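Fair warning: this is a prediction, and the values are worked out from it, not measured in the lab. The sequence lines fix the lettering, A, B, ..., with proteins before strands; numbering per chain opens at 1.
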Amino acid sequence: MKNLEIAAIFYEMADILELQNVKWKPEAYRKAARQIETLSTPIEEVYEKGGIKALTEIPGVGEKLAKKIEEYIKTGKIKEHERLKGEIPKGLNELINLPGLGPKKALKLYKELSIDSIEKLEKAAREGKIAKIEGFGEKSEENILKTIELAKKKEERLLLGVALPIAEEIVNELKKAKGVRRIEIAGSLRRRKETVGDIDILAEIEGERSDIMDRFVSLHNVKEVIAKGPKKSMILIGEGEYQIQVDLRIIERESFGAALQYFTGNKDHNIELRKIAIQKGWKLNEYGIFDKQGRMVAGENEEEVYKKLGMEWMPPELRENQGEIKAAIENKLPNLVELSDIKGDLHMHTDWSDGINSIEEMINAAINMGYEYICISDHSKSQRIANGMDEERMLKQIEIIKEMKRKYKGKITVLQGCEVDIKPDGSLDFEDEILKKLDIVSVSVHSRFKSSKEEMTKRIARALENKYVKILNHPTGRLINEREPYEVDLEYLMQICRDRKIAMEINSSPSRLDLNDIYARKAKEMGVKLVIDTDSHSVDHLRYIQYGVWVARRGWCEKEDILNTQSIEKLKKSLNLKI
DNA sequence: GCCGTTTTCGGCCCGACTGTTTTCAGTCG
Ligand SMILES: Nc1nc2c(ncn2[C@H]2C[C@H](O)[C@@H](COP(=O)(O)OP(=O)(O)OP(=O)(O)O)O2)c(=O)[nH]1
Ligand SMILES: [Mg+2]
Ligand SMILES: [Mg+2]
Ligand SMILES: [Zn+2]
């Protein structure tokens, strides 16, 4: 899949063009790159199937950029890119990636002091050379040194599951400030994106002087105050890999809706809305919609802002500039699946393999979740490190769960499952003799992630041929920030799943979220049915189902697309279960 | 470089904070 490679090249070209003070092109390159990054199809396939014309159907990609994409697919590089790289000192890119340093300052540093790397920058700053340059000063020099220190610590986006509790804690602290009427998490966190670059918080403040900004910058564990103003402040908070930037924006009641809209984003969604406002002869910013005379048209709540712009309000999960604005205008927004729609969880482990709780503890926890059914799905024998079950133990568990089914009858339906390994040759870890005794067979790849795309596709496709298979678990195998997805022809697998009525999993484990939002949407479009499962390894994990629901929502999924929103009777039909 | 029920040319979102500045450019959200 060349999507990310091409996006990276376009980003780099944008940076170089910006250094050369070229107007508009940089944003055009970046906008195209952002769209290419979020494509659900390998861009080389888009090209093979539809040529240049298909490429230009990607928003932000026109004739010129399409030609460049074609060139990259055919030759592995883009001449224009190579040419641009040659025109600019190599290390300047890493300079503009430092927060606070942009193209103008970086270029100045290069021209005055021949600085083209972070090492040289640090040296010059220590020697006091920076402060002497026109346009820089003591403060700039200090800030550069600070920024370099902070950048040395590794910088990764935080998992939603990690950032959300941190954000909630901060919100609770800020609630204690004077004059706070309302406080909301915004940004990518409110859109429930799988990872977040920072935590964005919006507070509605009543009255003139609130102490919220003072409280904010002196929160426990604040490592750096990046900016502090009357309307917006930014801090770095937390330790090591959990260190994260927090942006706080405050606003008055009459503008709260517009501000929430602005601060929720995403950026491209905002820009599209602002263009619509312009078309209507208005101006949209974080204070509201205003007409030519500066009179406020809307602002107090989000619904009103969207309504005046000619569309329905939409859930934050959809606001990614992926067609939601058009859908909202045409009244075609999906009716997104909700947490309360979920009737059961079909993937969880117990102390029979690598879970920490007993079968019965999991059952009781599921009853507490209000579920109608669950499926116990411990590992099969190949998963030695996970204490996978061999045939003998599998048969034993079947006996135990039979008892449980009886014991909990009327309270919850307990299904007998197993997370069966797909072996490297595509065969399953158990013979049909065992599989046919299970209520639900789900299958997973847990080994040889580095196979070629062809091998992996063949391997999984073969597994899906087994007539007992009902669910394909975590179909891309990624671990966010840790392991890339394996190479596989997902579209092909989706066709098989659709035709054979096999469900694909949205694994809710916060570090998996697999399928992800983009593929969930593609699955829906292809008519593949999905299940949202937690893959719990303890009773505490069952609540992560919320994260999977968020992925589904970001993938435009409705209740009908998710099989475990169905009653057990309907589920049996949908998956053709023999129970 | 992209894009179009007001345009195939001429626009391209709009505002906060900082630092070094005598009135604003640069960077970021
Ligand atoms: N209109 C407009 N809004 C912006 C711009 N940049 C950011 N925003 C808005 C939309 C963003 O969702 C919101 C918060 O900015 P962030 O940089 O934190 O982005 P976001 O939270 O979406 O993603 P992140 O996970 O933090 O990288 O501010 C911009 O250039 N123009
Ligand atoms: Mg953010
Ligand atoms: Mg932010
Ligand atoms: Zn599992």
Side-chain angles (χ1 to χ4, degrees), chain A residues 10 13-15 17-19 21-35 55-69 78 80 84 95-109 130-144 146-147 186-188 196-202 213 217 225-235 245-251 255 258-290 309-310 321 329:
Chain A
F10 285 175
M13 292 174 79
D15 285 346
L17 289 164
E18 205 162 54
L19 281 164
N21 208 16
V22 175
K23 301 292 173 211
W24 308 115
K25 275 199 204 183
E27 261 320 294
Y29 274 78
R30 289 190 186 113
K31 184 151 189 265
R34 285 197 294 271
Q35 287 295 331
L55 291 175
T56 60
E57 273 160 27
I58 301 167
V61 176
E63 205 73 27
K64 294 253 186 55
L65 288 181
K67 282 258 165 56
K68 292 187 171 67
I69 295 168
I78 298 172
E80 179 81 3
L84 284 172
L95 291 189
I96 56 180
N97 284 333
L98 280 176
L101 274 194
K104 295 289 192 301
K105 287 186 179 175
L107 210 58
K108 183 94 181 161
L109 289 168
I130 306 278
K132 298 200 179 76
I133 305 174
E134 190 200 340
F136 291 77
E138 300 289 337
K139 278 270 171 58
S140 310
E141 194 165 84
E142 263 176 51
N143 285 340
I144 283 173
K146 266 190 210 161
T147 306
S188 49
V196 302
D198 67 358
I199 293 170
D200 300 294
I201 299 173
L202 177 70
M213 287 306 186
V217 299
V225 178
I226 301 166
K228 180 169 185 271
K231 297 177 165 133
K232 184 174 94 174
S233 296
M234 305 192 287
I235 58 171
Q245 182 175 324
V246 187
D247 297 356
L248 174 65
R249 187 71 206 256
I250 68 174
I251 199 84
S255 294
L260 187 58
Q261 190 291 306
Y262 150 73
F263 215 27
T264 299
N266 72 3
K267 174 178 166 172
D268 287 333
H269 175 93
N270 286 357
I271 291 175
E272 288 309 309
L273 290 189
R274 287 169 182 212
K275 283 181 185 163
I276 292 172
I278 292 170
Q279 280 171 15
K280 293 187 184 293
W282 295 332
K283 178 174 73 168
L284 170 62
N285 59 28
E286 63 264 52
Y287 298 100
I289 301 178
F290 300 90
L309 294 175
N321 195 31
I329 291 170

Exercise for the section: Using a 4.0 Å heavy-atom cut-off across all strands, classify A/E138 as base, sugar-phosphate, or nothing. Expected result: sugar-phosphate
Fill in the blank from the handout: Nearest heavy-atom contact between A/V61 and A/A32 is CG2-CB, 4.0 Å
Practice task
With C1' as the reference atom in both, quote the distance from B/dC12 to B/dC17 in angstrom, rounded to an integer.
Solution key: 25 Å
Exercise for the section: For B/dC13 versus B/dG29, give the span between their C1' atoms, rounded off to a whole number of Å. Expected result: 12 Å
Exercise for the section: Give A/P26 one of three labels, base, sugar-phosphate or nothing, depending on what nucleic acid heavy atoms sit under 4.0 Å from its own. Expected result: nothing
Practice task
For DNA chain B, determine which residues of residues 262-271 of chain A have any heavy atom closer than 4.0 angstrom to one of its atoms, and list them numerically.
Solution key: A/Y262, A/K267, A/I271
Fill in the blank from the handout: Contacts of A/K25 meeting side chain to side chain contact (heavy atoms under 4.5 Å, CB included) (sequence neighbours excluded), chain-then-number -> A/L17, A/V22, A/Y29
Completion exercise
When every non-hydrogen atom of A/L98 is compared with those of A/T147, the smallest separation belongs to CD2-CG2, 4.0 Å
Practice task
Could you give the distance separating B/dG1 and B/dT6 at their P atoms, to the nearest angstrom?
Solution key: 28 Å
Exercise for the section: Select base, sugar-phosphate, or nothing to describe what A/I278 touches, counting heavy atoms under 4.0 Å on all strands. Expected result: sugar-phosphate
Problem - Distance between P atoms of B/dC24 and B/dG11 (Å, rounded) - result: 24 Å
Exercise for the section: Hunt down the Watson-Crick or G-U wobble partner of B/dT8, both distances under 3.5 Å, from any strand shown, or write none. Expected result: none
Exercise for the section: Give A/Q35 one of three labels, base, sugar-phosphate or nothing, depending on what nucleic acid heavy atoms sit under 4.0 Å from its own. Expected result: nothing
Problem - Gap in Å between the two C1' atoms, one belonging to B/dT18 and one to B/dT23, rounded - result: 15 Å
Fill in the blank from the handout: Between A/K64 and A/I96, the residue closer to the 5' end of DNA chain B by nearest nucleotide is A/K64
Exercise for the section: Would you confirm whether A/E141, through its side chain, and A/I130, through its main-chain N or O, come within 3.5 Å as a donor-acceptor pair? Expected result: yes
Practice task
Check whether any side-chain heavy atom of A/L101 lies under 4.5 Å from a side-chain heavy atom of A/L109, and answer yes or no.
Solution key: yes
Problem - A/D247: side chain to side chain contact (heavy atoms under 4.5 Å, CB included) partners, not counting sequence neighbours - result: A/D198, A/D200, A/M234, A/Q245, A/F263
Problem - Atom C1', compared across B/dT7 and B/dC2: separation rounded to whole Å - result: 14 Å
Exercise for the section: Give A/K25 one of three labels, base, sugar-phosphate or nothing, depending on what nucleic acid heavy atoms sit under 4.0 Å from its own. Expected result: base
Practice task
Please report the closest heavy-atom contact between A/L19 and A/L107, naming both atoms and the distance.
Solution key: O-CD2, 3.4 Å
Practice task
Pick base, sugar-phosphate or nothing for A/E286, based on heavy-atom distances below 4.0 Å to the nucleic acid.
Solution key: sugar-phosphate
Exercise for the section: Find out whether A/N285 and A/Y262 are in side-chain contact, i.e. whether some heavy atom of one side chain is under 4.5 Å from a heavy atom of the other. Expected result: no
Exercise for the section: Have a look at A/K23 and say if it touches a base, only the backbone sugar-phosphate, or nothing, with a 4.0 Å heavy-atom cut-off. Expected result: nothing
Exercise for the section: By nearest nucleotide on DNA chain B, pick out whichever of A/K232 and A/G102 is the more 5' one. Expected result: A/K232
Exercise for the section: With P as the reference atom in both, quote the distance from B/dC14 to B/dC9 in angstrom, rounded to an integer. Expected result: 25 Å
Handout entry: Sugar-phosphate, base or nothing in reach of A/G187, heavy atoms under 4.0 Å
Key = nothing
Practice task
Check side chain to side chain contact (heavy atoms under 4.5 Å, CB included) between A/E272 and all other residues, then give those that pass, not counting sequence neighbours.
Solution key: A/K31, A/K275, A/N321, A/I325
Fill in the blank from the handout: Its 5'-most and 3'-most nucleotides having an atom under 4.0 Å from a non-hydrogen atom of chain A, DNA chain B is contacted over B/dG1 to B/dG29
Handout entry: Minimum heavy-atom distance A/A186-A/L260, with the two atoms named
Key = CB-CD1, 4.4 Å
Practice task
Select base, sugar-phosphate, or nothing to describe what A/K108 touches, counting heavy atoms under 4.0 Å on all strands.
Solution key: nothing
Exercise for the section: Could you tell me whether A/L98 contacts a base, only the sugar-phosphate backbone, or nothing, with contacts defined as non-hydrogen atoms closer than 4.0 Å? Expected result: sugar-phosphate
Exercise for the section: Using the test side chain to side chain contact (heavy atoms under 4.5 Å, CB included), find all partners of A/E63 that sit at least two apart in sequence or belong to another chain. Expected result: A/I52, A/T56, A/K67
Handout entry: Distance between C1' atoms of B/dT5 and B/dG15 (Å, rounded)
Key = 31 Å
